[in-house]
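Heavy-atom basis, side chains included; hydrogens, waters and symmetry copies ignored. Predicted, not measured: the structure shown is a model, and the values here were computed from it.
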Amino acid sequence: MKVNFRKMQFWSGIDHSQTIDVDVRLDLANLIYRYGDIRGMDLALRIYRSEEEIELNPEEIEYLDRFISGHCSPQMIEAFQLIKQ
């Protein structure tokens, strides 16, 4: 699965009437660095340094899915779920 963390689509509000592009690279990488485990270190650096889409393997997708579900806002959780569809 390819993900562009520089232009991640978020719903602008709970009514889901509009989307906005959000650069989540620094914030997400810092969250993984602070609250993740050693498995997330390389992933955090790849996300932070990315300029375009990056390819995620199934283990990284599963790691991010669990991490985001436990540490991020509902808005971020929904944005990641949209990507996974």
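One finds the NZ atom of Lys84 at 9.0 Å from the CD1 atom of Ile68 (value rounded to the nearest 0.5 Å). Annotation: the span from Ile54 atom CD1 to Met1 atom CE amounts to 9.5 Å, rounded to 0.5 Å. Residue Met76 holds its CE atom at 10.5 Å from OG of Ser69, rounded to the nearest 0.5 Å.
Within the structure, salt bridge (Lys or Arg N to Asp or Glu O under 4.0 Å) contacts touching residues 10-23 (residues at least two apart or in different chains) are Asp23-Arg25.
Placement of Ile20 and Met8 within a single hydrophobic cluster is found when ILVMFWY residues are connected by side-chain heavy-atom separations under 4.5 Å, directly or transitively. Each of Tyr33 and Ile47 belongs to its own hydrophobic cluster when Ile, Leu, Val, Met, Phe, Trp and Tyr are linked at side-chain heavy-atom distances under 4.5 angstrom. Put simply, Leu43 and Tyr35 are part of the same group of oily side chains (I, L, V, M, F, W, Y) that touch within less than 4.5 Å, one to the next.
Across Phe67 and Leu31, no two heavy atoms sit closer than the pair CZ-O, 3.3 Å. In this structure, Ile32 and Ala44 approach most closely via the heavy-atom pair CG2-CB, 3.8 Å. What you find for Leu28 and Cys72 is that their closest heavy atoms are CD1-SG, 4.5 Å.
A salt bridge links Glu60 with Arg46: at least one charged nitrogen is closer than 4.0 Å to a carboxylate oxygen.
In terms of modelled atom types and a separation under 3.5 Å, the side chain of Ser12 and the main chain of Gln18 share a donor-acceptor contact. The main-chain N or O of Asn4 is never found under 3.5 Å from a side-chain atom of Glu52 such that the two would form a donor-acceptor pair.
The other residues sharing a hydrophobic cluster with Tyr48 are Leu26, where clustering joins ILVMFWY side chains under 4.5 Å apart.
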